[in-house]
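Reading through the structure tokens given below for one structure.
Indexing begins at 1, ligand by ligand and atom by atom, following the structure's order.
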Amino acid sequence: MSNPATTLARGSEASQPQIEEFRDLINGEQLRSVAKPFDNINPADTSDIVGRFQASTAAEAKLAVSAAAAAFERWKKTSVSARAAILNRAADRLDAQADQIAREMTREMGKALNLAKDEVLRSAQTLRFYAVEGQSLVGEVFPNDDPDMTVYTLREPLGVVSVITPWNFPISIPARKIAPALITGNTVIFKPSSDAPLSGYRLAEALVAAGLPKGVLNFITGMAGEVGPAITTAPEIRAISFTGSTTAGEQICRAVSFTTRTQMELGGKNPLIVMDDADLEKAVDLTVKGGFSLAGQACTGTSRVLVMKRVRAEFTERLVAKVRALKIGNGLTPGMDLGPLATARQLDSVLRYIAIGKQEATLLCGGERLTGAGYDGGYYVAPAIFADVTQQMTIAREEIFGPVIAIIEVESYADAIAKANDTEYGLSAAIVTRNPRVMHDFANDIQSGTVKINRTTTGNLINAPFGGLKRSSTSTFRESGRVGLEFYTQIKTVYRGC
Ligand code: NAP
């Protein structure tokens with residue numbers, strides 16, 4: 001895929017030949033859209049264009065849907081070991097190209113290079129995980145009173161599945177959706193974020209190079225408003241696995257047929273509770289890592305810190321000191337703690353929330369756009385900490401998705417839980433305490449799909465289920481781990497007499 005051959009080429013040649021143009025991959029062929037391509041811009045240095053991608057039309061998206069539908073029956077009948085071998089070969093390729101893909105990822109969305117490389121390697125592991133787990137997917141056998149009958153379940157693929165993903169984990173989120181879809185025999189249309197499509201392209205490239213038959217995985221870029229309806233509402237689409245904002249997820253759910261299965265992984269407003277018996281240095285570390293490591297742009301990022309009154313002043317003082325010392329800069333430079341925000345839209349949105357926060361609460365540090373050497377031309381914001389935050393404030397309620405932390409004082413464990421749960425979201429939540437009773441109660445009391453005790457709100461295992469409660473997810477089907485296979489299969493119950 002990196003040497004585009006124009007089998008279905010239409011439209012004019014790129015005006016800047018030095019910028020690589022990446023094409024859609026539909027039915028095993030490179031497709032150049034009739035529309036003018038769009039640029040993938042480096043948020044650390046907006047003069048750096050990382051690549052040029054297709055602003056595909058709805059008609060081109062329909063080609064992807066038709067190709068996936070046509071490929072389904074054959075792929076469904078392909079042996080599971082052959083499917084697994086493809087995932088394993090693709091994983092080998094990702095490992096081999098990890099340094100290159102990581103650099104591209106840092107350039108396209110800003111995260112630190114070491115985090116980008118971890119993400120590529122984790123994606124390879126995800127492919128391998130599903131190559132194994134998919135081969136041991138089992139049905140059930142049911143005892144019955146007829147000695148001549150066996151009753152059992154079969155798990156079958158759904159058909160054509162759309163995978164729609166955001167920019168913040170541009171290869172690992174697609175991998176954890178596409179791998180279980182493919183190993184269970186579904187065909188896929190994959191639309192990455194328009195703000196970071198290159199990492200997803202590399203994943204698709206690896207899978208195609210590993211031997212996927214034509215039409216089994218169709219990669220298409222383009223604006224959500226144009227491509228979105230074609231890949232979500234077409235009658236051929238049996239399921240949609242989406243990760244992104246709650247607004248977009250709800251919009252898709254409203255538009256699709258009830259026969260289309262949906263898996264929505266959406267926003268968060270994740271709390272971390274600091275109890276008065278906590279190791280405060282640890283609490284500060286967990287807050288900084290959870291709140292700022294991706295410049296606050298993780299769905300599970302720490303956004304609210306609920307601190308017991310007795311330790312609030314000391315915790316806050318230590319936190320501010322640590323945050324002031326963070327190194328902010330281009331993710332390609334080793335040793336940076338925070339990179340830029342990923343897009344101009346993100347920058348505007350985060351600065352708007354910081355302005356609201358200044359009206360509502362007390363800004364203790366950061367919050368300004370960074371300018372000057374190393375920052376001009378990038379979307380850098382100094383990490384911000386607000387104190388005197390109360391439950392009603394906008395910065396305590398809305399997902400900011402940036403390097404902004406709100407400190408909320410609490411009187412007791414019960415007060416902390418009530419405030420932590422007083423949100424429409426329920427993605428991830430953490431507590432820092434030494435008290436086993438509190439640990440136990442927290443796991444039961446918190447309304448959150450991911451519960452962390454003395455760990456950051458961020459981070460999840462490949463082999464464990466992942467998803468949120470309330471408006472953070474459609475919680476019917478979890479992603480990740482063995483249960484991640486369930487979304488992509490349907491059950492048939494067979495009554496076999498002789
Ligand atoms: P977004 O604006 O909702 O976009 C996500 C993806 O959906 C993009 O590919 C986007 O395409 C596409 N899209 C948007 N509206 C669509 C529609 N109506 N039909 C079809 N596709 C549509 O989110 P984002 O800004 O990329 O990501 C940030 C959000 O993702 C945050 O809210 C964060 O919490 C959430 N997130 C959640 C998780 C989780 O696991 N729960 C993980 C990561 C991120 P375009 O790029 O072309 O607009």
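Under the 3.5 Å distance criterion, with hydrogens and angles disregarded, a donor-acceptor pair is assigned to the side chains of Glu360 and Thr394. Using modelled atom types and a 3.5 Å distance limit, the side chains of Ser33 and Glu60 yield a donor-acceptor pair. Using a 3.5 Å distance cut-off with no hydrogens or angles, the side chains of Asn460 and Thr300 do not pair a donor with an acceptor. Side chains of Thr302 and Thr457: a donor on one and an acceptor on the other come within 3.5 Å.
By the 4.0 Å N-to-carboxylate-O rule, Lys322 lies too far from Asp337 to be salt-bridged with it.
Across Ser472, Cys299, Ser448, Ser428, a single residue satisfies side-chain contact (heavy atoms from CB on, under 4.5 Å) together with Asn270, and that is Ser428.
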Can you give me a line-by-line list of nitrogen or oxygen pairs between ligand 1 and the protein shorter than 3.5 Å?
residue: ligand 1; atom: 3 (O); partner: Ser245; partner atom: N; Å: 2.8
residue: ligand 1; atom: 3 (O); partner: Ser245; partner atom: OG; Å: 2.7
residue: ligand 1; atom: 9 (O); partner: Thr165; partner atom: O; Å: 2.8
residue: ligand 1; atom: 9 (O); partner: Lys191; partner atom: NZ; Å: 3.4
residue: ligand 1; atom: 11 (O); partner: Lys191; partner atom: NZ; Å: 3.0
residue: ligand 1; atom: 23 (O); partner: Ser245; partner atom: N; Å: 3.4
residue: ligand 1; atom: 25 (O); partner: Trp167; partner atom: NE1; Å: 3.1
residue: ligand 1; atom: 26 (O); partner: Trp167; partner atom: NE1; Å: 3.2
residue: ligand 1; atom: 30 (O); partner: Gly244; partner atom: O; Å: 3.3
residue: ligand 1; atom: 32 (O); partner: Glu399; partner atom: OE1; Å: 2.7
residue: ligand 1; atom: 34 (O); partner: Glu399; partner atom: OE2; Å: 2.6
residue: ligand 1; atom: 41 (N); partner: Leu266; partner atom: N; Å: 3.2
residue: ligand 1; atom: 41 (N); partner: Leu266; partner atom: O; Å: 2.7
residue: ligand 1; atom: 46 (O); partner: Ser194; partner atom: N; Å: 2.8
residue: ligand 1; atom: 47 (O); partner: Lys191; partner atom: NZ; Å: 3.0
residue: ligand 1; atom: 47 (O); partner: Ser194; partner atom: OG; Å: 2.6
residue: ligand 1; atom: 47 (O); partner: Gly222; partner atom: O; Å: 3.3
residue: ligand 1; atom: 47 (O); partner: Ala224; partner atom: N; Å: 3.2

